[in-house]
Amino acid sequence: VYEGRYADRWNDRDVVALKTSLLSYDLEKLQPMKNIAELKPVRGHPHTFVIHGDADFGYHGEHASFILDQSGTPIRMKWGPDYSELVKKF
């Protein structure tokens, strides 16, 4: 449900599901898979995940959350303190 490309003024970040995991990476990096992050759900907080990995800017352990419209479709993502807009749904 969260899969897609989210963009802010600094970068684009893809969110993809792989089996039972939700993963995120920045394709603009030279080695995007080196800084891949796994998003693990926060119990009791819908649409909120803990970032595991992502050595890029030290967001490991911070929260990523998704803002949905009234139909339940993601429109924005908050990654640590930064907001990104959904620009492409996968």
Exercise for review: Considering non-hydrogen atoms only, spot the tightest contact between Ser21 and Glu38 and give its length.
Suggested key: OG-OE2, 3.3 Å
Review point. Which value, rounded to the nearest 0.5 Å, describes the distance between Leu23 atom CG and Ile36 atom CD1?
Key: 4.5 Å
Check your understanding: How about Lys89: does its NZ atom have over 12 heavy atoms from other parts shown lying under 6.0 Å from it?
Key -> yes
Practice item. Side-chain contact test, heavy atoms from C-beta onward, threshold under 4.5 Å: evaluate it for Trp79 versus Asp8 and give yes or no. Key: no
Review point. To the nearest 0.5 Å, how far apart are CG in Asn11 and OG in Ser84?
Key: 6.5 Å
Exercise for review: Output the distance between atom CG (Leu68) and atom CE (Met77), rounded to the nearest 0.5 Å.
Suggested key: 13.0 Å
Review point. Hey, does Val16 have a side-chain heavy atom less than 4.5 Å from the side chain of Tyr25?
Key: yes
Check your understanding: Salt bridge or not for Arg13 and Asp26, using N-O below 4.0 Å?
Key -> no
Check your understanding: Tell me, do His63 and Lys78 make a side-chain contact under 4.5 Å, heavy atoms counted?
Key -> no
Exercise for review: Classify the side-chain pair Asp14/Tyr6 by whether it contains a donor and acceptor separated by less than 3.5 Å.
Suggested key: no
Point to revise | Atom of Pro81, atom of Glu62 and distance for their closest heavy-atom approach | key: CD-OE1, 3.8 Å
Taking only distance into account, with no hydrogens and no angle test, what donor-acceptor pairs under 3.5 Å do side-chain atoms of residues 39-51 form with protein atoms, sequence neighbours excluded?
{"from": "His47", "atom 1": "ND1", "to": "Tyr2", "atom 2": "OH", "distance (Å)": "2.8"}
{"from": "Thr48", "atom 1": "OG1", "to": "Pro46", "atom 2": "O", "distance (Å)": "3.4"}

Review point. Okay, side chain of Glu3, backbone of Ala17: is any donor-acceptor separation there less than 3.5 Å?
Key: yes
Review point. Quick one: does Leu86's side chain get under 4.5 Å of Phe66's, heavy atoms only?
Key: no
Check your understanding: Going through the checks in order, is the side-chain contact (heavy atoms from CB on, under 4.5 Å) test met by Asp12 and Val87?
Key -> CA-CA 9 Å; Asp12 294 349; Val87 295; 5.6 Å; no
